[in-house]
K.L.:
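Mind looking over this structure? Questions follow.
First the proteins, then the strands, lettered A, B, ... as listed; each starts at 1.
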2 protein chains.
Amino acid sequence: MTSIDERIRDTGLRVTRQRVLVYDALAALGGHRTADELVSALDASGTALPRATVYNVLDDLSTVGLVMQADRGPGAAVYEAANGWHHHFVCRVCGAVEDVPCVIGSKPCIDTDVPGAVIDEAQIIFRGVCASCRTAD
Amino acid sequence: MTSIDERIRDTGLRVTRQRVLVYDALAALGGHRTADELVSALDASGTALPRATVYNVLDDLSTVGLVMQADRGPGAAVYEAANGWHHHFVCRVCGAVEDVPCVIGSKPCIDTDVPGAVIDEAQIIFRGVCASCRTAD
DNA sequence: ACCGTTCCTTGGACGCAGTCTAAACACAGC
DNA sequence: GCTGTGTTTAGACTGCGTCCAAGGAACGGT
């Protein structure tokens with residue numbers, strides 16, 4: 001597994017301390033995280049970064065594909081360390097997000113016809129009630 | 001076509017001037033609109049309503065299915081007058097939202113397996129560049 | 001190792017989306 | 001009409017994300 005430093009360099013972006021820190025924090029926490037969760041985590045680990053920087057980094061890293069922005073509908077955006085194309089299940093009750101494997105595995109996994117437009121991605125959001133919210137109702 | 005008054009009454013909700021106004025404004029504008037666009041439209045037509053009311057009404061009407069909340073990712077939520085189950089194409093450049101017919105036509109149109117969870121809806125977001133942004137680049 | 005250019009980071013202020021609260025109001029059944 | 005309950009309202013408030021301009025750091029060339 002190539003180090004994150006190299007993976008950032010390979011995209012043409014500069015390797016900065018901040019980018020590595022944010023990526024590491026996201027990978028260490030795992031799952032789907034908001035920008036503010038990352039700010040807190042970095043804060044707690046003694047390597048605090050300003051909010052604006054975390055937003056910048058997440059933006060940059062997701063443009064080059066090292067980080068994915070998980071669609072969840074309106075509200076705070078959630079990010080995850082890139083790990084292949086997949087979809088998401090969102091709980092209507094608690095808002096939890098779970099990965100759902102993509103049957104096809106590459107983009108765009110579904111096709112449709114919008115006249116004149118170029119489609120490069122089809123993101124599916126499954127909505128319902130998750131296991132723990134069902135038992136807890 | 002039953003009047004909107006009756007359609008609201010049929011859901012068990014009370015028929016109020018505000019609900020009718022908001023629904024009419026949304027239907028008249030057509031397409032996908034943010035809450036604030038509706039506030040402005042109502043304002044312009046001489047029947048101004050407070051923001052909080054528009055939010056309340058949109059919330060109520062979308063819970064009972066008379067209005068649909070179109071998934072578009074993070075950012076302002078957009079609503080449309082309900083017109084059958086369908087998906088959305090979102091332009092990466094201008095953010096425009098277009099309807100995409102659902103191949104199946106009823107929910108959930110795609111199925112998957114999330115252990116323990118109940119899935120009642122699968123919303124697909126197609127992303128790419130729309131016709132006018134492609135010619136304008 | 002140094003330099004210069006270009007890219008990146010930073011902090012603070014700002015703007016927009018949406019929620020909350022408590023009091024006034026109005027719909028709908030009697 | 002009267003009454004009870006669901007709804008509206010204004011305004012303040014929270015949270016997410018962006019913008020700006022100045023300082024700082026990465027990296028290719030020498």
K.L.:
Can you tell if the side chain of A:Glu80 reaches within under 4.5 Å of the side chain of A:Val67, non-hydrogen atoms only?
P.N.:
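In short, these two side chains do not touch, never coming nearer than 4.5 Å.
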
K.L.:
How many whole angstroms separate atom CG of B:Asp59 from atom C1' of C:dA17?
P.N.:
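Atom-to-atom, B:Asp59 to C:dA17, this comes out as 13 Å.
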
K.L.:
Is the shortest distance from a Lys or Arg side-chain nitrogen in A:Arg127 or B:Asp71 to a carboxylate oxygen in the other one below 4.0 Å?
P.N.:
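Looking at B:Asp71 together with A:Arg127, the answer is yes, because their closest N to O distance falls below 4.0 Å.
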
K.L.:
So how far off straight is the helix from C:dA1-D:dT30 to C:dC30-D:dG1, going by the axes through five pairs at either end, to 10°?
P.N.:
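One end axis against the other gives 40°.
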
K.L.:
Would you check if the side chain of B:His87 reaches a backbone N or O of B:Ile124 as a donor-acceptor pair within less than 3.5 Å?
P.N.:
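A pair under 3.5 Å: yes.
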
K.L.:
The side chain of B:Asp36 is closest to which nucleotide in this list: D:dC16, D:dC27, C:dA17?
P.N.:
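Closest nucleotide among those given: C:dA17.
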
K.L.:
Check whether A:Thr47 reaches the backbone of A:Asp43 with its side chain - one donor and one acceptor, N or O, closer than 3.5 Å.
P.N.:
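No, A:Thr47 side chain to A:Asp43 backbone: no donor-acceptor pair under 3.5 Å.
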
K.L.:
Going by distance alone, is a donor N or O of one side chain under 3.5 Å from an acceptor N or O of the other, for A:Asp99 and A:His32?
P.N.:
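Short answer, yes.
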
K.L.:
Rounded to whole angstroms, how far apart are OH on A:Tyr55 and C1' on C:dC8?
P.N.:
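It works out to 19 Å between those atoms.
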
K.L.:
Between the protein and nucleotides 7-9 of chain D, which nitrogen or oxygen pairs are less than 3.5 angstrom apart?
P.N.:
unit_1: D:dT7; atom_1: OP1; unit_2: B:Arg19; atom_2: NH1; d: 3.0
unit_1: D:dT7; atom_1: OP1; unit_2: B:Arg19; atom_2: NH2; d: 3.1
unit_1: D:dT7; atom_1: O5'; unit_2: B:Arg19; atom_2: NH2; d: 3.4
unit_1: D:dT8; atom_1: OP1; unit_2: B:Thr16; atom_2: OG1; d: 2.8
unit_1: D:dT8; atom_1: O3'; unit_2: B:Gln18; atom_2: NE2; d: 2.8
unit_1: D:dT9; atom_1: OP1; unit_2: B:Gln18; atom_2: NE2; d: 3.1
unit_1: D:dT9; atom_1: OP2; unit_2: B:Thr53; atom_2: OG1; d: 2.8

K.L.:
Has the side chain of A:Arg72 got a donor or acceptor atom that lies under 3.5 Å from a matching backbone atom of A:Ala76?
P.N.:
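Side chain of A:Arg72 to backbone of A:Ala76, a donor-acceptor pair under 3.5 Å: yes, one is there.
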
K.L.:
Rounded to whole Å, please give me the gap between CG in B:Leu58 and C1' in C:dT19.
P.N.:
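So the two atoms are 14 Å apart, to the nearest Å.
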
K.L.:
Rounded to the Å, how far apart are B:Leu38 CG and C:dA17 C1'?
P.N.:
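Taking atom C1' of C:dA17 as the reference, CG of B:Leu38 is at 14 Å.
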
K.L.:
C:dC7 P sits how many Å from A:Ile8 CD1, rounded?
P.N.:
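Rounded to the whole Å, the gap is 17 Å.
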
K.L.:
Would you mind telling me which of B:Leu49, B:Thr16, B:Val39, B:Thr53 makes a side-chain contact (heavy atoms from CB on, under 4.5 Å) with B:Val22?
P.N.:
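Result: among B:Leu49, B:Thr16, B:Val39, B:Thr53, B:Leu49 is the only option passing the side-chain contact (heavy atoms from CB on, under 4.5 Å) with B:Val22.
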
K.L.:
Are the side chain of A:Arg19 and the backbone of A:Arg14 linked by a donor-acceptor contact shorter than 3.5 Å?
P.N.:
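A pair under 3.5 Å: yes.
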
K.L.:
Do the side chain of A:Arg51 and the base of D:dG17 come within less than 3.5 angstrom through a donor-acceptor pair of N or O atoms?
P.N.:
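Per atom types, the contact qualifies.
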
